[in-house]
Amino acid sequence: MRFRTPTPALAGYFLVTVWFVLHLLNVGGWEFQSAAYKIFAPLLSAVPASLAWRAWRAARRAGLRGARRHLLLTTLGWSCMTASALVRIGDPAYPSTSPVALALDLVVTVLILAALLLTPVVNRWSASRLRLGLDMATVLLAGAAFLWYFLVYPAVEAGADAAEPTVVLVRTTGVLIALFAVTRLWLGGVAEISRRAMRFAVVGAVAQTAVNVMQQTLPVEHLHFALAARQIFIGILIAASVAHLRKITHGEDSGAGARGPSSLTPYAAVAAVDALLVGALLTGGLDLGAWVVLGAAMTLTTLVVARQVVGLRDNTRLVVRVDAGMRALRESMAREQLLSDLGTALLRTTDAAQVHRLAADAAATLLDGCANARTSVVTVSPDGVVWTVVHASGAGAEALLGVELPGAMVPSGLAARVARGEVVTAPGWSGLGVAGLDAFDHRPIMLLPLLNGDRFFGVLTVGTDEELPADVMKALQTLRTQVSLALDSVALTAELTVRAMHDMLTGLGNRALLRDRLTGALARSRRTVRPVGVLLLDLNGFKPVNDTYGHDAGDTLLKVVAERLKTCVRTEDMVARLGGDEFVVVAEDLREPADALRIAERIVTALDEAVPVGGHLLRTPASIGIALSEPGDSPDDVLRYADAAMYTAKRLGGGRFHVHGEAAVSA
């Protein structure tokens with residue numbers, strides 16, 4: 001939201017402008033000018049006071065303690081200035097000689113000096129504060145040298161009466177305090193409050209000084225110029241209060257850049273004192289005034305040398321910090337590159353073992369530089385019975401690799417915590433309550449669960465002798481997310497592959513898997529010169545089962561048939577469902593044709609037994625066609641031969657098999 005100048009400030013600008021023109025032109029003569037000024041002065045003085053009060057309330061709401069303290073003193077100062085203007089209404093003299101007005105003016109000066117002294121400054125680190133202190137001491141000592149030579153020394157030399165040294169001391173002390181306040185803000189840079197407002201304050205001080213000089217030096221007929229200069233001063237105070245309000249409420253401050261302690265001001269102060277010393281020696285020789293200035297110059301030289309030493313130390317620390325920051329940046333970029341490369345590698349990976357290896361190796365790389373670091377990937381079986389270390393990297397990884405831990409040895413609470421994704425840390429495996437891995441790790445260990453949604457794949461373990469930095473922890477969390485997504489993708493791909501290559505009802509291979517396995521078997525047969533036997537079977541009487549007892553009974557029957565077929569074949573053989581009630585057995589690497597006949601006999605015998613379904617005993621004997629591959633046969637050829645032989649067996653009656661190219665043989 002754009003900052004809008006408050007209405008009192010706009011009204012104040014308008015009145016200040018009008019009265020500046022009227023005073024400058026001396027409209028109505030001095031009597032009118034003086035009377036009108038005294039009437040409007042309280043109103044115009046109240047404008048910056050009200051704006052400063054408004055800025056103080058905004059600073060209190062914003063929680064800016066330093067700005068609130070400065071603005072409270074400023075508000076009180078301008079309020080006292082308003083009260084002084086009210087007192088001057090009844091005083092015919094200009095400038096006023098009222099003791100009350102003069103006392104209020106003194107209070108205004110004290111309050112504003114206090115506000116400047118309590119203004120918060122910018123300090124980045126302790127060395128900067130030390131440099132700031134040395135710079136301020138240099139400037140103040142230079143100012144004291146000038147005050148001595150031009151104010152104190154002439155009074156001492158003139159032999160003033162007892163009252164005069166007190167006046168000189170008060171004036172000198174006041175100037176030094178003001179110089180200290182201004183130097184502090186100039187060198188340290190303001191914080192929380194508006195830097196633009198502080199610049200207005202400097203201009204305002206010049207304007208008020210000009211007003212005081214005009215009041216003391218101008219004749220009565222020209223005093224209207226002092227009144228015009230006073231309007232400039234009030235306008236500057238209004239602008240400063242508006243700048244404070246804008247800074248606090250909107251953060252808009254064109255002078256936001258803070259001046260640091262590297263300012264050239266101290267060197268300028270030293271040069272000024274050196275010039276003063278030269279002038280003192282040329283005009284008065286080596287008298288008391290010159291001796292004091294000489295002592296100040298020598299002390300300033302010492303301060304400058306000390307500042308340079310502090311500056312060198314400060315710069316060395318800064319270089320160390322920058323170097324550490326650059327090193328941390330390089331390490332961060334290396335970690336980002338590692339995670340990026342890992343993500344690319346994981347996208348191309350469809351094997352869970354490869355994902356485990358990449359995860360453990362990447363974690364070990366992230367921990368490079370950490371003392372005695374070791375990482376591992378632990379998988380958990382779907383039923384939680386076995387926890388297995390499938391990959392490990394780092395110190396002593398060989399001893400940990402392949403270790404299997406019964407799920408019963410893992411506390412149920414720990415298993416539940418990691419299963420829901422909680423990162424678990426402990427002094428070691430024993431601290432987690434895991435008894436079987438005590439010998440492998442006594443160092444602090446952290447378990448990062450690998451899961452995505454409801455899929456839990458295991459944990460990534462990290463063990464080191466020292467606490468891990470926050471950026472390394474963040475990188476490990478990112479690694480965990482990448483690996484979990486990759487494992488989920490592998491599991492999903494495997495699941496989709498199973499669905500694409502298997503019959504969903506019986507769990508047997510489908511046509512796609514049958515063709516793939518048969519193609520491979522025929523290729524190997526050409527090398528081994530051993531035939532591949534293909535047994536294609538059809539259930540006799542399956543359709544009446546569906547028609548009589550329903551499809552649920554038919555599905556149950558097909559599942560039983562599938563289980564019986566798997567018990568009739570060798571481990572290396574394959575059983576597939578073509579569809580409906582047709583099944584295929586691929587028997588590879590037959591030593592002799594009779595091997596296929598023995599498989600067929602077992603199948604006929606197994607399927608000839610009745611199947612209890614829904615309180616009924618169902619029989620669906622199989623008709624089996626057998627084809628023995630020959631060199632040059634394709635999968636389609638062998639399946640076609642087996643299909644033809646199966647129809648021959650079906651014509652012979654249920655519970656029979658037939659070999660393609662031979663006479664029928666009964667079971």
Side-chain angles (χ1 to χ4, degrees), residues 1-13 16-17 44-82 108-124 128 132 136 178-209 231-263 265:
M1 183 178 178
R2 185 177 180 181
F3 176 79
R4 295 182 179 275
T5 303
T7 301
L10 296 175
Y13 288 143
V16 163
T17 303
L44 291 175
S45 299
V47 174
S50 65
L51 292 173
W53 180 259
R54 186 170 176 178
W56 173 81
R57 287 187 298 173
R60 185 179 62 177
R61 288 193 299 267
L64 302 175
R65 296 182 58 186
R68 185 176 62 189
R69 185 170 55 241
H70 171 87
L71 290 169
L72 177 61
L73 293 171
T74 303
T75 301
L76 294 175
W78 302 151
S79 299
C80 289
M81 182 177 67
T82 304
V108 171
T109 302
V110 172
L111 288 172
I112 297 305
L113 280 176
L116 292 175
L117 290 172
L118 296 177
T119 300
V121 296
V122 178
N123 284 309
R124 293 191 180 93
S128 292
L132 175 61
M136 291 182 61
L179 181 62
F180 172 80
V182 173
T183 302
R184 175 175 172 271
L185 297 179
W186 179 257
L187 295 178
V190 296
E192 296 188 9
I193 64 174
S194 170
R195 189 171 179 83
R196 176 192 290 177
M198 301 313 295
R199 291 171 179 168
F200 282 138
V202 173
V203 178
V206 174
Q208 182 58 39
T209 302
Q231 304 309 311
I232 295 176
F233 171 71
I234 296 297
I236 292 172
L237 295 188
I238 295 174
S241 299
V242 171
H244 280 312
L245 190 60
R246 177 189 288 115
K247 169 71 174 181
I248 295 170
T249 59
H250 287 68
E252 298 173 358
D253 186 17
S254 61
R259 184 184 302 274
S262 60
S263 170
T265 304

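What you are looking at is a predicted structure, and each value in this text was computed from that prediction instead of being measured.
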*Asks:* Could you tell me whether a side-chain N or O of T75 sits under 3.5 Å from a main-chain N or O of A52, the two making a donor and an acceptor?
*Replies:* yes
*Asks:* If you take all heavy atoms of A197 and S194, which pair is closest and at what distance?
*Replies:* N-OG, 3.0 Å
*Asks:* Which residue pairs pass the ring pair (Phe, Tyr, Trp, His ring centres under 6.0 Å) test with at least one member in residues 47-66, sequence neighbours excluded?
*Replies:* W53-W56
*Asks:* Could you measure the distance from the CE atom of M198 to the CG atom of L116? Nearest 0.5 Å is fine.
*Replies:* 5.0 Å
*Asks:* If every non-hydrogen atom of V108 is compared with every non-hydrogen atom of C80, which pair is closest and at what distance?
*Replies:* CG2-CB, 3.6 Å
*Asks:* In Å and rounded to the nearest 0.5 Å, what is the OG1 to CD1 distance from T74 to I112?
*Replies:* 5.0 Å
*Asks:* Once side chain to side chain donor-acceptor pair (under 3.5 Å) is applied, what residue pairs with a partner in residues 62-71 remain, sequence neighbours excluded?
*Replies:* H70-T119
*Asks:* At their closest point, which heavy atom of G204 faces which heavy atom of F233, and how far apart are they?
*Replies:* O-CD1, 3.3 Å
*Asks:* Could you pull out the closest heavy-atom pair between G66 and E192, with the gap in Å?
*Replies:* N-OE1, 3.0 Å
*Asks:* Mind checking the CG-CG spacing from L118 to L113? Nearest 0.5 Å is all I need.
*Replies:* 11.0 Å
*Asks:* Show me the donor-acceptor pairs, under 3.5 Å and distance only, between side chains in residues 57-64 and residues at least two apart or in other chains.
*Replies:*
none

*Asks:* Search all heavy atoms of T82 against all heavy atoms of A49 and return the closest pair with its distance.
*Replies:* OG1-CB, 4.4 Å
*Asks:* Can you give me the closest heavy-atom contact between A9 and L51, atom names plus distance?
*Replies:* CB-CD1, 3.7 Å
*Asks:* Does any non-hydrogen side-chain atom of R4 lie less than 4.5 Å from one of L10?
*Replies:* no
*Asks:* Show your working on side chain to side chain contact (heavy atoms under 4.5 Å, CB included) between I248 and L71 and close with a plain yes or no.
*Replies:* CA-CA 11 Å; I248 295 170; L71 290 169; 3.5 Å; yes
*Asks:* Mind checking what makes side chain to side chain donor-acceptor pair (under 3.5 Å) contact with Q208, not counting sequence neighbours?
*Replies:* N212, R230
*Asks:* Report, one line per pair, each donor and acceptor closer than 3.5 Å where one atom sits in a side chain of residues 235-244; sequence neighbours left out.
*Replies:*
from	atom 1	to	atom 2	distance (Å)
S241	OG	P48	O	3.4
S241	OG	L237	O	3.2

*Asks:* Step by step, work out the side chain to side chain contact (heavy atoms under 4.5 Å, CB included) result for V16 and L44.
*Replies:* CA-CA 7 Å; V16 163; L44 291 175; 4.1 Å; yes
